[in-house]
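For clarity, every value in this text was computed on a predicted model and none was experimentally measured.
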Amino acid sequence: MHALLGAAETVLGFAPNPSPQAPPGAEAITRILGYVKWIAGAALIVGFFGGLAVFAGGRMVDHHRFGRMGAITMMASLGGAILYAVGYTLISSFAGG
C-alpha cells in the first residue's frame, strides 16, 4: 500500500497545474451574474429599510404585530446580507484558483 501511494505521489507530482481560464462566451455569463449580484444587494437594502419603516410605523401606532413583522424583516435582511457576503467570498476564492 505504501509503495502504491509513493508511486501515485511521484506521478501526480509531475502533473502540470494550469491556471484557470474562462471558457468562450463567459463574458455574457459574468455580466448576468453581475446584474444578479447588484439586484440581490439592492433587495437586501430595500428589505432592511422597508422593515425599519414597518417596525417604526407599527410602534408609533401601537400595532405590535406590524412592529414584530418589521423587526423580523430587518433581521432576515441582515441574515441575508451575511450569507451574501460569505457566499461571495467563498465563490470568489474557489473561482480565483
Atom pairs and distances, side-chain donor-acceptor, residues 47-54, under 3.5 Å, sequence neighbours left out:
none

Applying side chain to side chain contact (heavy atoms under 4.5 Å, CB included) to Ala43 and not counting sequence neighbours gives none
Residue pairs meeting side chain to side chain donor-acceptor pair (under 3.5 Å), one or both in residues 26-53, sequence neighbours left out, come to none
* Asked: Is Leu78 reachable from Met74 through a run of I, L, V, M, F, W or Y residues, each pair having side-chain heavy atoms under 4.5 Å apart?
  -> yes
- Can you get from Leu44 to Val86 by hopping between Ile, Leu, Val, Met, Phe, Trp and Tyr side chains that sit under 4.5 Å apart? no
Excluding Ile29, membership of its hydrophobic cluster (Ile, Leu, Val, Met, Phe, Trp, Tyr; side-chain heavy atoms within less than 4.5 Å) reads Leu33
### Query
Do Ile45 and Met75 belong together in a cluster built from hydrophobic side chains that touch within less than 4.5 Å?
yes
Pairs under 3.5 angstrom only: tabulate donor-acceptor contacts from the side chains of residues 56-63 to other protein residues two or more places apart or in another chain.
from  : atom 1 : to    : atom 2 : distance (Å)
Arg59 : NH1    : His64 : ND1    : 3.2
Asp62 : OD1    : His64 : NE2    : 3.1
His63 : ND1    : Phe66 : N      : 3.4

